[in-house]
2 protein chains.
Amino acid sequence: MMTPLDHAESWLADRGEKLTELRREVLSHLLDAHGPMKAYELLTALQKGRPGASPPTVYRTLDFLVGMGLVHRIDSLQSFVACPIFHAPHQGVMLVCERCHGVEELESPSWMETLRNEVAATGFVMNQHELEIKGLCRACQEATA
Amino acid sequence: MMTPLDHAESWLADRGEKLTELRREVLSHLLDAHGPMKAYELLTALQKGRPGASPPTVYRTLDFLVGMGLVHRIDSLQSFVACPIFHAPHQGVMLVCERCHGVEELESPSWMETLRNEVAATGFVMNQHELEIKGLCRACQEATA
DNA sequence: GGAAAAATGTAATGTTATTACATATTGGCC
DNA sequence: GGCCAATATGTAATAACATTACATTTTTCC
């Protein structure tokens, strides 16, 4: 049985990087959360087993994981979420629920190419396709109704 | 000649709100900047003529202007930009240059409806259509090349 | 002109993120 | 094994961003 952490490890190995113990812990917390976590929430969690953990500990590790595509930063929530689909490079679209702050990730939807073309028509070149779309997830629509 | 500030004033009047002196100053600074400004940059600018200005002064005013659609918050830059098109309600797409941090606003592009429909197909309802797309603006592409 | 609502002032604090430098760990090479 | 360089982590301080709570002033409207 291949766990998400195992996947992450081989994903990194393919790129010449290592899943160190610290990185493993951080990613593990994010995976367990099943949703976005704040940097300082992660810090508190880390400090349970690692008394010396400090902000740079967390931010450096997050920078690495985000750079490798294992974690996404959600700007509008100032939070971080484990990427559920890191078996391949992908273009993520984040659906951010404004009520519960849950995040669903849509992989490479069909309109991405249209979007890219129309943006390019203005002379602007998209680098990064992490779009955040805000709204209400299904559960919160039902709860609100 | 109808200045942007005059437009803003009548836009607010139509909605039963006022462009007070403080709001006018903040919006004026944002318009002059021709690009995104940080909250504390605005604060420093305000303090020139208003010694008592403090963080709440700025954040409250920005909240108001954002709420009225005269200003957009750019989450990825933690900055605020005057909206160039507040003559009508619109769906903004922000093209954020990763090099110069300039922001161009695209009004209601044609793929918006497709996007909305495809997102809706997942059970998620979009509330707010302020998308941020990161990349390189034309000028920075040329400078880099 | 007086009460209620809206806007602004003021002080303190909370939250998020970075800088700069020290130490430890790993991996290659002889 | 012993050394060097590169990578990773530890540590202290501080910078940058944002909110809370409450006081005061200004405006609105009867």
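Chain naming here is simple, since letters A, B, ... match the order of the sequence lines and numbering starts at 1 in each.
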Rounded to the nearest angstrom, tell me the gap between atom [atom1] in [X] and atom [atom2] in [N].
X	N	atom1	atom2	result
L77(A)	dA17(C)	CG	P	11 Å
M68(B)	dA6(C)	CE	C1'	13 Å
L19(B)	dA7(C)	CG	P	12 Å
L43(A)	dA17(C)	CG	P	12 Å
D75(A)	dT16(C)	CG	P	14 Å
M37(A)	dA17(C)	CE	P	14 Å

For E41(B), report the nucleic acid contact type (base, sugar-phosphate, nothing); a contact means any heavy atom under 4.0 Å.
-> nothing
What nucleic acid atoms does E17(B) come within less than 4.0 Å of, heavy atoms only: base, sugar-phosphate, or nothing?
-> sugar-phosphate
Is the backbone of L43(A) close enough, under 3.5 Å, to the side chain of K38(A) for a donor and an acceptor to pair up by distance?
-> no
Within residues 61-83 of chain B or reaching into it, pairs that qualify as salt bridge (charged side-chain N to carboxylate O under 4.0 Å, His left out) - sequence neighbours excluded = K134(A)-D75(B), R73(B)-D75(B)
Sequence neighbours excluded, every pair satisfying salt bridge (charged side-chain N to carboxylate O under 4.0 Å, His left out) that has a member inside residues 42-56 of chain A = E25(A)-R50(A)
Taking side chain to side chain contact (heavy atoms under 4.5 Å, CB included) as the test, write out the residues that go with [X], two or more places apart.
X	answer
T44(B)	none
S28(B)	L5(B), D32(B)
S54(A)	P56(A), T57(A)

First encountered from the 5' end of DNA chain C, between Y40(B) and E21(B) = E21(B)
Salt bridge (charged side-chain N to carboxylate O under 4.0 Å, His left out) against R24(B), all qualifying residues, sequence neighbours excluded = E9(B)
Sorted by chain and residue number, the salt bridge (charged side-chain N to carboxylate O under 4.0 Å, His left out) partners of R99(B) (sequence neighbours excluded) come out as none
Supply the members, apart from L136(B), of the Ile/Leu/Val/Met/Phe/Trp/Tyr cluster built from side-chain contacts under 4.5 Å; use none for a lone residue.
-> none
Which two nucleotides bound the region of DNA chain D that has atoms under 4.0 Å from heavy atoms of chain A, read 5' to 3'?
-> dA8(D) to dA12(D)
Closest heavy-atom pair and its distance - C83(A), E105(A) | SG-OE1, 3.6 Å
For DNA chain D, find the residues of residues 48-63 of chain B with a heavy-atom distance under 4.0 Å and give them by number; none if there aren't any.
-> P55(B), P56(B), Y59(B)
Can you pull out how bent the helix from dG1(C)-dC30(D) to dC30(C)-dG1(D) is, comparing the axes over its first five and last five pairs, to 10°?
-> 30°
Partner residues of E132(A) under the side chain to side chain donor-acceptor pair (under 3.5 Å) criterion, sequence neighbours left out | S76(A)
